[in-house]
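Sequence positions, counted from 1, serve as the residue numbers for this chain.
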Amino acid sequence: MSQRKFFVGGNWKMNGSKAGIEEIVSFMSKGPLDPNTEVVLGCPSIYLDFARSKMPANIGLAAQNCYKVEKGAFTGEISPCMIKDVGVNWVILGHSERRNIFGENDDLIAEKVAHALSSGLKVIACIGELLEERESGKTTEVVNRQTKAIANKISDWSNVVLAYEPVWAIGTGKTATPEQVYFLIMLNFII
């Protein structure tokens, strides 16, 4: 198995404009990037084509979601084929907002991950617990459940980056310690 590159991902969520993307492109183009680091930016789907046309080739782009089938009557959804058609090779799936605001469950996320991978996309699969789950000592249970759902649908993890995204750390000023992240990552390798 080949050694993976260091991975840095960012997501600008439901923010942005063409002018804002131009500013990000300017910033990302200024300094040299370590060739051993893969950089991927999550972009709203409406701007994927524009951002890909402007962003340096060494910066990857990720769609922020996709559905579990190739095509059909799923108004508002996008498919992995559509993402690839605009030159984007990554997708973020299982983001806490998709889970907690839009009600996506572990099984749906796992199906989406499996379909995206089978369609040739690379996946940033998000896992993480709510504050009340953390405070009640359920972090390990929740993260294991989320990861196991994906593991039940895929066997090759070479195009998957697991992103530990504890919901309790979003906008609260609280952050996971390196030890907490390392523990959860190591625990998930056991699954």
If you define the side chain from C-beta out and look only at heavy atoms, does anything of V39 sit under 4.5 Å from N58? no
Give me each pair satisfying salt bridge (Lys or Arg N to Asp or Glu O under 4.0 Å) with a member in residues 6-32, each pair once, sequence neighbours excluded. K13-E97, E22-K54
Throw together a table of side-chain donor-acceptor distances under 3.5 angstrom for residues 113-127, partners on residues two or more places apart or in other chains.
{"residue": "H115", "atom": "NE2", "partner": "E70", "partner atom": "N", "Å": "3.4"}
{"residue": "S118", "atom": "OG", "partner": "A114", "partner atom": "O", "Å": "3.4"}
{"residue": "S118", "atom": "OG", "partner": "H115", "partner atom": "O", "Å": "3.0"}
{"residue": "S119", "atom": "OG", "partner": "H115", "partner atom": "O", "Å": "2.9"}

Rounded to the nearest 0.5 Å, the CD atom of E141 sits from the CD atom of Q146 at a distance of 10.5 Å
Salt bridge (Lys or Arg N to Asp or Glu O under 4.0 Å): which pairs involve residues 59-68, sequence neighbours left out? K68-E111
Nearest 0.5 Å, what's the CD-OG1 distance between E133 and T140? 11.5 Å
State plainly whether one hydrophobic cluster holds both L33 and I24, where clusters connect Ile, Leu, Val, Met, Phe, Trp and Tyr through side-chain heavy atoms under 4.5 angstrom apart. yes
Quick one: list whatever passes side-chain contact (heavy atoms from CB on, under 4.5 Å) with F6, sequence neighbours left out. V8, T37
Please lay out, stage by stage, how N65 and I92 fare under the test side-chain contact (heavy atoms from CB on, under 4.5 Å). CA-CA 6 Å; N65 189 32; I92 302 168; over 6 Å; no
Could you list the residues that satisfy side-chain contact (heavy atoms from CB on, under 4.5 Å) with D85, not counting sequence neighbours? none
Roughly how far, to the nearest 0.5 Å, is CG of L131 from OG of S136? 9.5 Å
Verify side chain to side chain donor-acceptor pair (under 3.5 Å) between Q64 and H95, making sure each step is shown before the conclusion. CA-CA 8 Å; Q64 297 173 332; H95 195 281; over 6 Å; no
Of all residues at least two apart in sequence or in a different chain, which pass the salt bridge (Lys or Arg N to Asp or Glu O under 4.0 Å) check with R99? D106
Can you confirm whether or not the ring centre of W12 sits under 6.0 Å from the ring centre of Y47? no
Which heavy-atom pair separates P80 from V69 by the least distance, and what is that distance? CD-O, 4.1 Å
Does M14 share a hydrophobic cluster with I46, counting links as ILVMFWY side-chain heavy atoms below 4.5 Å and allowing steps through other members? no
Here the gap from S96 atom OG to E104 atom CD, rounded to the nearest 0.5 Å, amounts to 11.0 Å
Is any side-chain N of the basic residue among K5 and E38 closer than 4.0 Å to the acidic one's carboxylate O? no
